[in-house]
Chemist: 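Handing you a structure now.
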Amino acid sequence: MQNTLKQHWNPTSWKDKPIKQLPEYPNQEHLTESYNKLTKLPPLVTSWEIEALKSKLAEVSMGKSFLLQGGDCAESFDATTSPKIVNMLKVMLQMSFILIHEMGVPVHRIGRIAGQYAKPRSSDFEQVGDKKIYSYRGDLINRYEATEEARIPDPERLIEGYHKAGLTINFLRALADEGFADLRHPEQWELDFMLNNKYYAEYEAMVESITKAVRFMESIAPTRVNSLQKADFYTSHEALNLYYDAAQTREVPRKTGFFNLSAHMVWVGNRTRELEGAHVEYLRGIQNPIGIKVGTPFEVDETIRLIETLNPTHESGKIVLITRFGKEEIENGLPPLIQAVRKEGLPVVWSSDPMHGNTFATDTSLKTRNFDHILEEIKSAFAIHRAEGSYLGGVHLEMTGDNVTECVGGAKGLNESGLSTNYETFCDPRLNYEQSLELAFLIAKEWKQSYF
Ligand code: PEP
Ligand code: CO
């Protein structure tokens with residue numbers, strides 16, 4: 001049955017299926033033109049990088065290493081700037097060093113970066129005065145400005161997204177060469193925010209030890225890292241705007257199958273994972289590792305069928321199951337899912353997204369998340385996996401290297417009234433630089449308690 005289905009797959013076979021979260025482009029001719037243009041542009045990543053990531057994920061699924069996936073909820077085209085990219089790479093590297101130092105296993109890093117431009121929304125429309133306009137769906141689809149005209153899906157944005165992703169990955173590749181060098185210096189770690197924290201001394205000693213280790217490594221092996229793959233940094237986004245992903249899905253010489261060459265990994269969102277829907281149809285045909293977001297509402301049997309559909313050969317490293325239940329629901333949701341996955345013998349990487357189930361709005365209608373709730377979901381995820389004898393191999397975070405004020409809590413004790421100081425996100429609230437480092441430190445503590 002699977003094989004027969006497979007024969008009918010092609011990068012645009014999803015067009016025959018019902019699609020959610022992607023509005024009709026009013027100008028179909030323009031859409032075809034942009035789509036065709038995109039199919040001819042050079043790939044952003046290579047098939048061998050994708051395969052390398054898959055083997056690394058296979059190791060995670062065996063409990064040998066850990067996955068750190070993180071970045072903006074939504075990247076914006078205007079934020080394709082040097083400081084944003086540098087800060088994001090810096091915070092991801094620093095977090096991973098903390099994890100490696102504390103856990104003693106390799107950490108693979110995947111950014112929500114260089115293509116994370118499309119967003120699912122809870123409502124198709126937004127009321128502005130007496131007008132009902134389309135919701136903003138990310139820069140890949142329309143503009144943020146709250147006017148009727150700005151919200152019309154514009155196919156030109158597929159090309160602009162490709163260019164912005166290309167500029168981002170080009171800079172990341174260059175930074176992978178030099179990026180580690182900066183981290184030799186403890187002052188690059190901006191430790192002061194932890195001063196009042198009970199873990200400060202421990203944290204300071206750890207940073208000292210990491211910077212020494214980096215210096216030592218460089219002195220015995222002064223060779224450059226020179227590639228994203230060697231730096232163990234990969235790109236990912238939600239495969240939501242299927243025109244963007246399909247146009248970059250291609251066969252490559254001497255390999256079987258199709259690769260989405262716009263990112264190393266893509267994921268399917270919690271709102272678009274219906275078995276009979278367009279997104280699953282598209283995803284079942286590509287060779288890339290695939291993330292599956294699972295939160296309420298969900299059904300265990302259907303999730304198992306989804307995993308089987310996306311990975312019928314049970315290839316290891318292919319599926320990252322990213323649970324995002326929220327701190328209340330995780331106790332009910334996660335155990336039966338772990339048991340069913342084990343019963344069916346499905347190889348998956350288990351990852352915890354403690355962000356999307358823990359969002360709330362303040363009295364002034366700012367969307368936020370509480371650091372303590374995020375940590376609570378992570379702690380529960382570790383505890384449940386440990387109790388089930390299963391391995392929690394990764395985390396999936398919305399975070400930034402910048403000093404934004406979008407999530408409350410953390411060592412600095414940001415409260416709701418402080419949120420407006422530097423609230424930048426176009427979509428969901430992100431952990432800032434300090435909150436991200438602190439969380440990495442606390443995740444490592446949890447991991448050690450569970451698996452040491
Ligand atoms: C996201 O990762 O930004 C997202 C929308 O997640 P989910 O599909 O889990 O709600
Ligand atoms: Co989000």
Side-chain angles (χ1 to χ4, degrees), residues 19-22 67-76 79 88 110-124 135-141 144 235-242 244-245 263 265-274 277-280 282-283 289-298 302-303 306 310 319-330 333-334 337 349-361 366-370 373-374 377-378 381 394-400 404 406-407 423-432 435-436:
I19 189 158
K20 281 195 175 161
Q21 297 287 343
L22 190 62
L67 166 66
L68 171 65
Q69 186 172 18
D72 292 313
C73 178
E75 293 174 276
S76 76
M88 184 62 81
I110 307 181
R112 291 172 61 113
I113 199 166
Q116 177 51 17
Y117 303 118
K119 295 309 301 172
R121 301 310 303 263
S122 45
S123 168
D124 287 347
S135 295
Y136 171 64
R137 290 186 172 275
D139 279 2
L140 194 57
I141 294 159
Y144 187 65
T235 62
S236 69
H237 62 256
E238 177 171 351
L240 186 64
N241 186 338
L242 295 180
Y244 182 77
D245 289 283
M265 172 187 173
V266 288
W267 73 87
V268 62
N270 198 40
R271 295 188 181 91
T272 46
R273 55 174 163 71
E274 295 85 358
H279 291 89
V280 171
Y282 165 72
L283 288 165
I290 297 172
I292 304 176
K293 293 286 207 99
V294 188
T296 43
F298 88 108
E302 210 184 335
T303 311
L306 176 58
L310 297 181
I319 301 289
V320 181
L321 211 49
I322 308 163
T323 60
R324 33 86 82 222
F325 290 109
K327 67 182 174 62
E328 308 295 345
E329 293 294 327
I330 188 168
L334 189 53
L337 190 56
V349 170
W350 288 101
S351 176
S352 167
D353 166 358
M355 316 297 296
H356 287 89
N358 294 310
T359 318
F360 65 94
L366 277 181
K367 246 193 193 184
T368 189
R369 291 164 176 154
N370 187 320
H373 300 167
I374 292 167
E377 177 157 358
I378 287 189
V395 287
H396 183 113
L397 305 173
E398 285 186 346
M399 41 165 274
T400 165
V404 299
E406 297 171 5
C407 291
Y423 192 95
E424 277 182 14
T425 183
F426 284 105
C427 201
D428 290 336
R430 301 159 296 173
L431 297 166
N432 61 24
Q435 290 167 330
S436 302

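We count ligands from 1, going down the list as the structure has it; atoms in each ligand are counted the same way.
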Chemist: Below 4.5 Å, heavy atoms only, C-beta onward: do I374 and K327 meet side chain to side chain?
Modeler: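 No - every pair of side-chain heavy atoms lies 4.5 Å or more apart.
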Chemist: Polar contacts were defined as any N/O atom of the residue lying under 3.5 Å from an N/O atom of the ligand; does this apply to R271 and ligand 1?
Modeler: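 There is no such contact.
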Chemist: What is the nearest protein non-hydrogen atom to atom 8 (O) of ligand 1, stated with its residue, atom name and distance?
Modeler: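 The closest heavy atom on the protein side is N270 N, 2.8 Å.
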Chemist: Applying a heavy-atom cut-off of 4.0 Å, say which part of M355 lies close to ligand 1: side chain, backbone, both or neither.
Modeler: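 The answer is neither.
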Chemist: Which residue holds the protein heavy atom closest to atom 6 (O) of ligand 1, what is that atom called, and what is the gap in Å?
Modeler: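 Going by distance alone, atom 6 (O) of ligand 1 is nearest to K293 NZ, 2.9 Å.
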Chemist: H237 vs W267, test: ring-ring contact (aromatic ring centres under 6.0 Å, His included). Steps then yes/no.
Modeler: CA-CA 6 Å; H237 62 256; W267 73 87; 7.3 Å; no
Chemist: The test is side chain to side chain contact (heavy atoms under 4.5 Å, CB included); show your working for T323 and D353 and say whether it passes.
Modeler: CA-CA 6 Å; T323 60; D353 166 358; over 6 Å; no
Chemist: Backbone or side chain, does H356 get an N/O/S atom under 2.8 Å to the Co ion (ligand 2)?
Modeler: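 It does: H356 brings an N, O or S atom closer than 2.8 Å to the Co ion (ligand 2).
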Chemist: Taking N or O atoms only and a 3.5 Å limit, does D428 qualify as a polar contact for ligand 1?
Modeler: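 Between D428 and ligand 1, no N or O pair is found under 3.5 Å apart.
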Chemist: Which is closest to atom 4 (C) of ligand 1 in terms of heavy atoms, H356, Q116, R273?
Modeler: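 Residue with the shortest heavy-atom distance to the ligand atom: H356.
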Chemist: Does R430 pair with E406 as a salt bridge, N-O distance under 4.0 Å?
Modeler: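 Salt bridge present between R430 and E406.
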Chemist: Any nitrogen or oxygen of R112, main chain or side chain, under 3.5 Å from a nitrogen or oxygen of ligand 1?
Modeler: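 Yes, since at least one N or O of R112 sits under 3.5 Å from an N or O of ligand 1.
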Chemist: Quick check on contacts: which atoms of ligand 1 are under 4.0 angstrom from a heavy atom of G269?
Modeler: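 Reading through ligand 1 atom by atom, the close ones are 8 (O).
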Chemist: Using a cut-off of 6.0 Å, state whether more than 12 heavy atoms not belonging to K20 lie near its atom NZ.
Modeler: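 Atom NZ in K20 is not packed in, count stays at 12 or less.
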Chemist: Would you mind checking if D428 and K119 are paired as a salt bridge, meaning a charged N to carboxylate O distance below 4.0 Å?
Modeler: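 Salt bridge absent between K119 and D428.
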Chemist: Can you tell me which N/O/S atom of E398 has the shortest distance to the Co ion (ligand 2)?
Modeler: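 Restricting E398 to its N, O and S atoms, the minimum distance to the Co ion (ligand 2) goes to OE2.
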Chemist: As an exercise, identify every atom of ligand 1 less than 4.0 angstrom from a heavy atom of E398.
Modeler: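 In order of number, 1 (C), 2 (O), 3 (O).
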Chemist: What protein heavy atom sits nearest atom 5 (C) of ligand 1, and how far away is it?
Modeler: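 For atom 5 (C) of ligand 1, the nearest protein heavy atom is P120 CG, 3.6 Å.
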Chemist: For the Co ion (ligand 2), which N, O or S atom of D428 is at the shortest distance?
Modeler: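 Relative to the Co ion (ligand 2), the closest nitrogen, oxygen or sulfur of D428 carries the name OD2.
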Chemist: Which of the numbered atoms in ligand 1 are under 4.0 angstrom from any heavy atom belonging to C73?
Modeler: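 Answer for ligand 1: 3 (O).
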Chemist: Check whether any side-chain N or O of S436 sits under 3.5 Å from a backbone N or O of N432 as a donor-acceptor pair, and report yes or no.
Modeler: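 Flag set: sc S436 to bb N432 pair under 3.5 Å.
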Chemist: Please walk me through it: do N370 and F360 pass side chain to side chain contact (heavy atoms under 4.5 Å, CB included)?
Modeler: CA-CA 9 Å; N370 187 320; F360 65 94; 4.2 Å; yes
Chemist: If you apply the rule ring-ring contact (aromatic ring centres under 6.0 Å, His included), what do you find for Y117 with Y244, and how did you get there?
Modeler: CA-CA 10 Å; Y117 303 118; Y244 182 77; 7.1 Å; no
Chemist: Could you tell me whether the side chains of Q69 and S236 share a donor-acceptor contact shorter than 3.5 Å?
Modeler: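 Present: a donor and an acceptor within the cut-off.
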Chemist: To check your reading of the model: name the closest protein heavy atom to atom 10 (O) of ligand 1, its residue, and the distance in Å.
Modeler: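 Minimum-distance protein heavy atom for atom 10 (O) of ligand 1 reads R324 NH2, 2.8 Å.
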